[in-house]
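One-based numbering, in listed order, for ligands and for the atoms of each. All heavy atoms count here, side chains included; hydrogens, waters and symmetry mates do not.
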Amino acid sequence: MTRLRVGLGWDTHRLKEGRELILGGVVIPSDLGLDGHSDADILLHAITDALLGALALGDIGMHFPDTDPLWRGAASRQFLEHAHRLVRERGYEIVNVDTTVILQRPKLKDYRTPIRESLGAILRLDVEAVSVKFKTAEQVGPVGERLSAEAQAVVLLTGMA
Ligand code: C5P
Ligand code: MG
């Protein structure tokens with residue numbers, strides 16, 4: 001019997017001067033970066049929540065409280081790897097990941113391949129199984145006004161048993 005599970009993730013962080021913009025583990029040249037306790041990689045956070053959500057394992061804040069010194073300043077890659085480990089321990093593997101980053105500026109399309117490769121390396125997935133899409137917010141709302149950025153992710157898991 002094939003066991004399929006789908007998971008949805010979303011994240012947002014503020015944009016701020018003097019911070020790096022890191023998306024999917026890739027540093028993007030930008031005048032504004034994402035602010036937060038960790039490296040504020042909204043794309044990795046959204047995928048982490050999607051993995052946790054697929055198996056109803058709670059959410060990123062439950063597993064990695066920012067009050068816990070263990071996780072303070074942690075690279076978000078650790079969060080994603082931990083969630084992926086939980087998934088594998090329960091006998092599931094990722095079929096594919098689809099994501100959207102909503103950022104007004106800078107243009108991200110030249111970074112699609114590096115970001116897909118970075119995610120593929122973290123999740124040990126073929127790049128064909130990793131989709132990364134980009135949208136502006138049409139200059140509307142906090143994302144459009146460059147106060148923040150958002151990321152969305154969907155993952156499909158299949159049971160290995
Ligand atoms: O949001 P909009 O539909 O105007 O985006 C048009 C295209 O611009 C998208 O297909 C996307 O590939 C690209 N884009 C980008 N970097 C962004 C936002 C959008 O490369 N920050
Ligand atoms: Mg986050």
Side-chain angles (χ1 to χ4, degrees), residues 6-87 94 96-123 127-155:
V6 67
L8 171 71
W10 175 88
D11 195 26
T12 186
H13 278 249
R14 287 174 184 271
L15 286 169
K16 194 180 171 189
E17 279 181 22
R19 288 274 302 184
E20 275 191 315
L21 178 62
I22 306 177
L23 292 170
V26 175
V27 180
I28 315 279
S30 173
D31 57 334
L32 302 180
L34 291 163
D35 196 19
H37 277 277
S38 64
D39 56 15
D41 190 327
I42 49 174
L43 184 51
L44 295 191
H45 294 179
I47 298 170
T48 302
D49 255 0
L51 284 177
L52 295 173
L55 293 180
L57 297 174
D59 60 37
I60 193 167
M62 193 187 108
H63 288 268
F64 317 105
D66 56 21
T67 48
D68 186 339
L70 182 67
W71 301 111
R72 194 172 300 142
S76 300
R77 178 185 178 124
Q78 288 175 262
F79 303 155
L80 183 53
E81 284 172 342
H82 184 82
H84 192 202
R85 198 173 311 125
L86 295 179
V87 161
I94 301 170
N96 73 306
V97 180
D98 184 23
T99 67
T100 302
V101 175
I102 308 126
L103 178 81
Q104 188 61 39
R105 270 203 326 274
K107 280 285 176 205
L108 296 169
K109 57 182 174 5
D110 291 344
Y111 297 92
R112 196 185 315 269
T113 300
I115 293 173
R116 289 177 71 201
E117 287 174 350
S118 171
L119 295 175
I122 295 169
L123 295 170
V127 286
E128 298 300 318
V130 181
S131 160
V132 180
K133 310 187 302 300
F134 307 120
K135 296 297 287 180
T136 70
E138 298 289 347
Q139 299 177 43
V140 176
V143 178
E145 292 171 16
R146 303 191 79 213
L147 296 173
S148 62
E150 297 179 4
Q152 304 170 336
V154 173
V155 301

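Residue, atom and distance of the protein heavy atom nearest to atom 20 (O) of ligand 1 are Lys109 N, 2.9 Å. Nearest protein neighbour of atom 9 (C) of ligand 1, counting heavy atoms only, is Phe134 O, 3.4 Å. Taking atom 16 (N) of ligand 1 as the reference point, the nearest protein heavy-atom neighbour is Leu108 N, 2.8 Å. Summary of contacts: the protein heavy atom closest to atom 2 (P) of ligand 1 is Thr136 OG1, 3.7 Å. Protein heavy atom closest to atom 7 (C) of ligand 1, with residue, atom name and distance, is Lys107 NZ, 4.3 Å. Counting protein heavy atoms only, atom 12 (O) of ligand 1 is closest to Arg112 NH2, 3.4 Å. In terms of protein heavy atoms, atom 21 (N) of ligand 1 is closest to Leu103 O, 2.8 Å.
Note on the Mg ion (ligand 2): protein N/O/S atoms under 2.8 Å are Asp11 OD2, His13 NE2, His45 ND1.
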Report all side-chain donor-acceptor pairs from residues 106-113 shorter than 3.5 Å, counting only partners two or more places apart or in another chain.
from, atom 1, to, atom 2, distance (Å)
Arg112, NH1, Val132, O, 2.8

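For the atom pair CG of Leu51 and CG of Leu8, the computed distance is 12.0 Å after rounding to the nearest 0.5 Å. Taken from CG in Leu21 to CG in Asp35, the straight-line distance is 12.0 Å, to the nearest 0.5 Å.
Of the heavy atoms in Gln139, none comes closer than 4.0 Å to ligand 1. At a 4.0 Å heavy-atom cut-off, ligand 1 touches Pro106 through the backbone alone.
Taking all heavy atoms of Gln104, Glu138, Lys133, Lys135 into account, the minimum distance to atom 18 (C) of ligand 1 is reached by Lys135.
Tested against Glu81, the residues Arg77, His84, Gln78 include a single side-chain hydrogen bond (donor to acceptor under 3.5 Å, both in side chains) partner, Arg77. In summary, of the residues considered (Asp39, Asp11, Thr48), a side-chain hydrogen bond (donor to acceptor under 3.5 Å, both in side chains) with Ser76 occurs for Asp39 alone.
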